[in-house]
Amino acid sequence: MKNLAIMMILPVLMACDGIQTAAPATPDAGSDTCGASGYSSLIGQNFAAVTLPVGTDLRVINPGDMVTMDYRATRVNFELDAGGLITVVRCG
């Protein structure tokens with residue numbers, strides 16, 4: 001009986017071998033879709049003293065913050081140190 005079950009399942013498993021699934025989209029590390037390079041001059045400045053254009057799609061990440069893994073090509077991420085200084089500006 002065990003061999004019969006294996007013989008019935010084997011063709012199904014073999015058929016699944018040819019199925020390809022789409023890999024999740026990964027961000028291109030070299031792309032600047034959000035315009036982060038335009039904010040690179042802010043690195044080292046206190047985020048509280050920075051004025052950004054209204055409607056900027058941004059996320060502020062403080063040390064120890066939990067952040068989602070979703071990637072939004074138009075969002076600018078500002079990573080801050082413990083003193084509130086901008087250390088990294090990147091898309092995502």
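Just so it is clear, the values below take in all heavy atoms, side chains as well, and ignore hydrogens, waters and symmetry mates. All residue numbers refer to positions in the sequence shown, counting from 1.
Among pairs with a residue in residues 80-92, those fulfilling side-chain hydrogen bond (donor to acceptor under 3.5 Å, both in side chains) read E79-R90, at least two apart in sequence or across chains. Applying the salt bridge (charged side-chain N to carboxylate O under 4.0 Å, His left out) test to every pair with at least one member in residues 37-50, sequence neighbours left out, gives no pairs at all. For the disulfide (SG to SG under 2.5 Å) condition, the pairs that include at least one residue of residues 31-92, sequence neighbours left out, are C34-C91. Within the structure, side-chain hydrogen bond (donor to acceptor under 3.5 Å, both in side chains) pairs that include any residue of residues 43-56 do not occur (at least two apart or interchain).
Partners of T68 under the side chain to side chain contact (heavy atoms under 4.5 Å, CB included) rule, at least two apart in sequence or in another chain, are R59, D70. With sequence neighbours excluded, no residue forms a side-chain hydrogen bond (donor to acceptor under 3.5 Å, both in side chains) with T33. Taking T74 as the reference, D57 meet the side-chain hydrogen bond (donor to acceptor under 3.5 Å, both in side chains) condition, with sequence neighbours excluded.
In this structure, M69 shares a hydrophobic cluster with no other residue, the cluster being traced through Ile, Leu, Val, Met, Phe, Trp and Tyr side chains under 4.5 angstrom apart. Hydrophobic cluster membership for V67: I61 (Ile, Leu, Val, Met, Phe, Trp, Tyr linked by side-chain heavy atoms under 4.5 Å, directly or transitively). Hydrophobic cluster membership of F78, counting Ile, Leu, Val, Met, Phe, Trp and Tyr whose side-chain heavy atoms lie under 4.5 Å apart directly or via other members: Y39, L42, I43, F47, V50, L52, L58, V60, V76, L80, I86, V89.
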